[in-house]
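Worth knowing before you read on, the calculation uses all heavy atoms, side chains too, and leaves out hydrogens, waters and symmetry mates. Given the structure is predicted, the values throughout are model-derived calculations rather than measurements.
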Amino acid sequence: HYYITNNLRMANANAQEVIDIDSDGSGDEEDSEFNTFESSAAYLKPSRSNFFARLNNTIKDDEGPNKIWVQTIDWMIKDNKANHRTDQYDNKRLILRRGKEFKMKLKLDKEFDPEKHSVVFTFYTGDKPAISKGTLCTLHESKKLDNKDWGFILDKHEGEEVTYSMMTPVSAPVGYYKVLIESICSVPDSPGSPNITKITCPEEIFVLFNCWCPEDSVFLDDEAQREEYVLNDTGLIWVGTHRDYEPIPWNFGQYEVCVLECAVYLLSNANLAVGARSDPVKLTRALSALVNSNDEGGMLWGRWTETYPPNSTDPTEWVGSVEILRQYLLNEEPVRYGQCWVFSGVLTTLLRCLGIPARCITNFESGHDTDCSYSIDCHYDVEGNPVDDLDDSIWNFHVWNEAWFKRHDLPPGYDGWQAVDATPQEASESIMRCGPCPVLAIKQGDVYLPYDTGFMFSEVNGDRVWWKVEKDGNMAVEYIDRNCIGKSISTKAVGSDEREDLTNFYKYPEDSKEEEEVVAKVSHFGSRKEWTVMRSNRDIEVDIGHETAIMGEEIKIPLKFTNTSSKSSRTVSLSAHIKCSAYTGRTDNKQPLIKTITNVLELSSNESDTLTISLLPDEYVKKIRAGSTLRMFLQLSVQETKQVYATQETFLVKKGTGVMVTCSKTNVKQYEEFDVTCTYTNTTSTKLTRSYFYLEGPGIRRSKKLYCGTVQPESTIERTLTLSAYRVGERVLFVKFCNSKIPNAIVKVKIHVEEAEPTEVI
């Protein structure tokens with residue numbers, strides 16, 4: 001996979017002057033990868049490409065005294081990568097951001113004379129490069145550089161060394177490029193003039209998007225945001241409920257060697273033309289399908305179950321994207337398993353790696369519309385029991401991505417953040433993918449705009465429609481809740497570990513005039529227009545209180561009921577059902593109810609009354625599963641007015657992390673060893689079997705597991721590992737205690753790494 005484009009190496013048995021040279025200038029005619037293909041004469045037929053026809057037909061066989069040969073090629077990698085903000089990439093080859101000048105140096109076999117010597121460069125990418133597709137360009141020396149096109153100018157020359165300034169266009173497809181160099185010697189009145197020699201560079205260069213370039217489609221005019229959304233290789237993803245949310249650290253790790261190679265490999269599997277890789281809209285949409293394994297040879301299986309088979313990874317155990325990408329690249333098969341925050345983390349890694357600004361977005365109380373009605377259907381029977389198997393789901397939280405770029409395919413006004421989702425939920429044009437769609441279009445209800453804006457709208461602003469199911473199977477709409485979907489939409493703040501609330505970017509304030517207009521507009525495009533315009537009025541208000549729920553302690557849920565009628569009393573019948581629920585909102589009908597409450601309240605006009613539901617540890621501890629929450633279904637009916645009210649609320653039962661990490665040193669030199677001691681204290685009353693510490697950090701080392709075996713209740717386990725860091729700067733080490741019963745037991749440790757002296761590296 002590290003040589004995806006090697007099928008274009010210029011091995012021509014009949015053209016001895018088409019040679020590869022190593023970066024040190026030595027020829028490598030016996031290179032095994034060079035000889036993987038029998039010959040380019042057999043593979044690259046002249047009819048396939050005018051470029052290859054020209055190559056095969058113009059090579060000179062005579063040595064002649066006037067030829068000039070390239071001895072060494074110096075891409076000036078260190079200086080160029082620093083100038084292009086790509087010096088953090090561990091890949092040794094040159095990595096450039098498009099639309100920005102870079103330099104390269106040639107050493108020739110004789111002194112350079114600009115009067116008779118010249119050079120022509122040809123850059124090409126993909127297996128069928130063509131000028132018409134924007135995947136091949138032959139460059140002659142320019143008068144000046146313009147980032148709208150490929151070009152180069154002579155910078156300086158001294159003896160045999162020649163330095164050129166070069167430019168890639170802002171519209172260049174991203175990916176690996178091979179480079180052919182033709183050195184030309186033109187001597188007037190000399191037989192056979194001009195004499196041409198040709199050399200294919202042995203190393204490809206890689207071209208990325210450039211958010212620093214105003215002409216690039218991904219240009220982001222804020223340095224702090226560029227640092228956060230392109231350069232930052234760690235981050236936070238919010239999980240939990242809209243009342244009890246917390247961040248989990250994530251290692252994006254976009255600079256690791258395997259990440260860029262995996263991105264290229266994925267795109268080679270995509271149903272996307274090489275030339276289309278210049279467009280961030282098309283590329284992002286392709287990646288949203290490739291990250292999940294449902295279509296197109298994608299990388300990650302999704303699974304939402306209580307247990308996971310051997311030789312697989314529980315989604316809660318991942319702490320970053322790098323190990324997932326590495327496994328996929330090495331094994332050439334989908335990695336098992338992921339859930340929404342994992343898909344989002346991996347997509348963020350790929351987008352940032354390719355130069356597109358990207359961030360993870362968490363939507364709490366996220367709707368999942370399955371029939372394009374832009375509403376979320378919930379059902380209960382005549383006794384107030386939830387009928388789960390008929391429901392659309394409302395996820396406690398769902399994580400997708402935003403990517404920043406211009407939308408040249410849409411009318412003006414929709415540039416900026418675009419929502420895109422790699423989690424396989426519903427097919428889009430027969431493929432499991434979602435987006436990109438403008439965040440502004442979601443807010444304004446422009447559900448007809450591409451891509452998948454209607455589905456994204458229902459996730460953040462759909463109505464919850466409550467259906468009463470009669471014993472004979474008939475149904476009727478009893479109540480519509482317009483304000484329950486899409487809450488506390490969150491992302492990591494720029495430059496800090498704080499949460500930034502993005503809810504107002506996705507929707508207008510609830511019950512505002514603007515929101516009413518958006519809902520009315522969207523109703524014209526839904527599959528069930530008659531329900532979306534209904535509105536229920538009531539004079540009984542319900543406030544569900546919130547107290548932090550700790551595993552093993554009594555949980556109290558206060559319910560406050562208020563009669564807002566100023567003239568009449570009300571008799572309110574209520575039923576509450578509490579069940580264990582996955583974070584996707586699905587409850588298991590095979591699991592028994594944790595508790596059921598029924599009651600009748602008499603409320604005078606303008607009177608309030610409070611009912612507190614209490615759950616004792618014996619009632620829920622053995623029934624709640626790892627990573628699960630408690631979900632309460634509440635249904636009310638008013639005797640005097642026949643009003644009906646229904647809602648549901650989710651409660652996160654917290655467990656202490658118990659993880660502590662200490663480092664023998666927090667300021668180290670490159671490659672200097674230091675010890676990391678990991679400690680976990682089991683504060684639960686449950687024996688934790690098959691436990692281990694998982695360590696991962698960008699620029700520190702590959703992921704590592706430290707097995708702990710069984711951790712008894714009220715006991716502590718400790719493990720120590722020696723590490724070293726190879727990348728300079730502030731590094732982050734993620735340490736997670738992994739056990740299916742203890743989710744999100746993770747901490748991060750910051751380590752400052754100073755550059756080592758050359759003698760120290762040796």
Side-chain angles (χ1 to χ4, degrees), residues 240-245 363-370 375-398 458-469 475 477-488 510 531 536 538 540-547 549 555-561 572-589 591-599 611-613 615 620 623-625 627-637 643-653:
T241 71
H242 74 100
R243 294 184 170 197
D244 284 306
Y245 44 72
N363 177 41
F364 293 99
E365 296 298 301
S366 186
H368 183 170
D369 175 26
T370 58
S375 61
I376 311 301
D377 295 321
C378 298
H379 305 77
Y380 59 89
D381 61 22
V382 292
E383 297 176 353
N385 299 305
V387 186
D388 304 329
D389 55 342
L390 297 177
D391 288 354
D392 291 332
S393 59
I394 300 175
W395 297 31
N396 297 347
F397 68 91
H398 179 52
S458 67
E459 288 191 289
V460 301
N461 208 10
D463 292 339
R464 180 192 284 164
V465 180
W466 287 94
W467 296 75
K468 185 177 181 180
V469 183
M475 302 183 193
V477 174
E478 291 284 304
Y479 176 68
I480 294 179
D481 190 345
R482 295 186 180 274
N483 302 330
C484 64
I485 304 297
K487 295 181 179 295
S488 303
E510 303 288 2
W531 303 128
S536 299
R538 65 179 190 272
I540 298 296
E541 298 291 343
V542 181
D543 179 30
I544 302 176
H546 171 254
E547 293 183 6
I555 299 174
K556 295 182 178 181
I557 306 173
L559 307 176
K560 183 179 179 180
F561 304 90
V572 181
S573 299
L574 68 91
S575 63
H577 306 269
I578 300 175
K579 299 184 71 174
C580 178
S581 168
Y583 90 95
T584 59
R586 293 294 185 185
T587 57
D588 189 348
N589 289 327
Q591 294 290 329
L593 284 168
I594 292 176
K595 197 162 192 174
T596 297
I597 299 291
T598 59
N599 208 332
L611 173 67
T612 299
I613 299 177
L615 295 178
Y620 73 89
K623 297 178 182 178
I624 194 169
R625 298 169 295 183
S628 298
T629 55
L630 298 177
R631 187 171 291 261
M632 181 181 69
F633 301 84
L634 181 64
Q635 187 262 338
L636 310 178
S637 60
Q643 297 173 32
V644 174
Y645 173 77
T647 190
Q648 59 185 14
E649 189 59 80
T650 304
F651 302 92
L652 179 66
V653 182

Open item on the list: Which heavy atom of S375 sits nearest to which heavy atom of V465, and what is that distance?
Closed with: CB-CG2, 3.9 Å

Open item on the list: Looking at every heavy atom in both Y620 and L615, which two are closest together, and how far apart are they?
Closed with: CE2-O, 4.0 Å

Task: Residues forming a salt bridge (Lys or Arg N to Asp or Glu O under 4.0 Å) with K595, sequence neighbours excluded - done: E619

Task: Pairwise side-chain contact, F651 with I555, heavy-atom cut-off 4.5 Å (strictly under) - done: no

- [ ] Decide yes or no for V382 and K468: does some side-chain heavy atom of the first lie under 4.5 Å from some side-chain heavy atom of the second?
- [x] yes

Task: salt bridge (Lys or Arg N to Asp or Glu O under 4.0 Å) involving E383 - partner list, sequence neighbours excluded - done: none

- [ ] Apply the side-chain contact (heavy atoms from CB on, under 4.5 Å) test between F633 and each candidate in N385, I578, D388; give the one that qualifies.
- [x] D388

Open item on the list: Could you go through V387 and D389, starting from their C-alpha distance and side-chain angles, then the distance that decides it, and tell me whether this counts as side chain to side chain contact (heavy atoms under 4.5 Å, CB included)?
Closed with: CA-CA 6 Å; V387 186; D389 55 342; 3.3 Å; yes

Open item on the list: Do M632 and L559 have side chains that approach each other closer than 4.5 Å (heavy atoms only, starting at C-beta)?
Closed with: yes

Open item on the list: Does any part of the side chain of I557, heavy atoms only, come nearer than 4.5 Å to the side chain of I544, both counted from C-beta?
Closed with: yes

- [ ] Could you tell me whether a side-chain N or O of R243 sits under 3.5 Å from a main-chain N or O of G545, the two making a donor and an acceptor?
- [x] yes

Task: Distance (rounded to the nearest 0.5 Å) between L574 CG and T598 OG1 - done: 7.5 Å

Task: Which atom of G240 lies closest to which atom of F397, heavy atoms considered - done: O-CD2, 3.2 Å

- [ ] For residues K556 and P558, report the shortest heavy-atom separation together with the two atoms involved.
- [x] O-CD, 3.6 Å

Open item on the list: According to side chain to side chain donor-acceptor pair (under 3.5 Å), who are the partners of N483, at least two apart in sequence or on a separate chain?
Closed with: D511

Task: Inter-residue atom distance I394.CD1 - F364.CZ, 0.5 Å rounding - done: 15.0 Å

Open item on the list: For D392 and T370: C-alpha separation, side-chain torsions, deciding distance, then whether side chain to side chain donor-acceptor pair (under 3.5 Å) applies.
Closed with: CA-CA 7 Å; D392 291 332; T370 58; 2.9 Å; yes

Open item on the list: To the nearest 0.5 Å, what is the distance between OG on S366 and NE2 on H398?
Closed with: 5.5 Å

Open item on the list: Quick one, I540 and Y645 - any side-chain contact, counting heavy atoms below 4.5 Å?
Closed with: no

Open item on the list: I need the C580 SG to L630 CG distance, nearest 0.5 Å.
Closed with: 7.0 Å

TODO: Report the relative orientation of the aromatic rings in W467 and H379; use parallel for angles under 30°, tilted for 30 to 60°, perpendicular for over 60°.
DONE: parallel

Task: Side-chain touch T650/E365, heavy atoms, less than 4.5 angstrom - done: yes

- [ ] Please examine the side chains of R464 and T647, heavy atoms only from C-beta on, and report whether any two atoms are closer than 4.5 Å.
- [x] yes

Task: Contact summary for A576 and L634, nearest pair of heavy atoms - done: CB-CD1, 4.0 Å

- [ ] List the atom of N363, the atom of G486, and the distance in Å for their closest heavy-atom pair.
- [x] OD1-CA, 3.3 Å

TODO: Hey, could you give me the CD1/CG distance between I485 and N461, rounded to the nearest 0.5 Å?
DONE: 9.5 Å

- [ ] Tell me, with the steps shown, if V644 and Q635 meet side chain to side chain contact (heavy atoms under 4.5 Å, CB included).
- [x] CA-CA 8 Å; V644 174; Q635 187 262 338; 4.1 Å; yes

- [ ] Measure from the side-chain N and O atoms of N396 to the backbone N and O of T629, and report whether any donor-acceptor pair falls under 3.5 Å.
- [x] no

Task: Rounded distance (nearest 0.5 Å) linking atom NE2 of H546 with atom CG of D244 - done: 3.5 Å

Task: side chain to side chain donor-acceptor pair (under 3.5 Å) between Q648 and H577, intermediate numbers included - done: CA-CA 9 Å; Q648 59 185 14; H577 306 269; over 6 Å; no

Open item on the list: Donor-acceptor check, side chain of S393 to backbone of W395, threshold 3.5 angstrom: yes or no?
Closed with: no

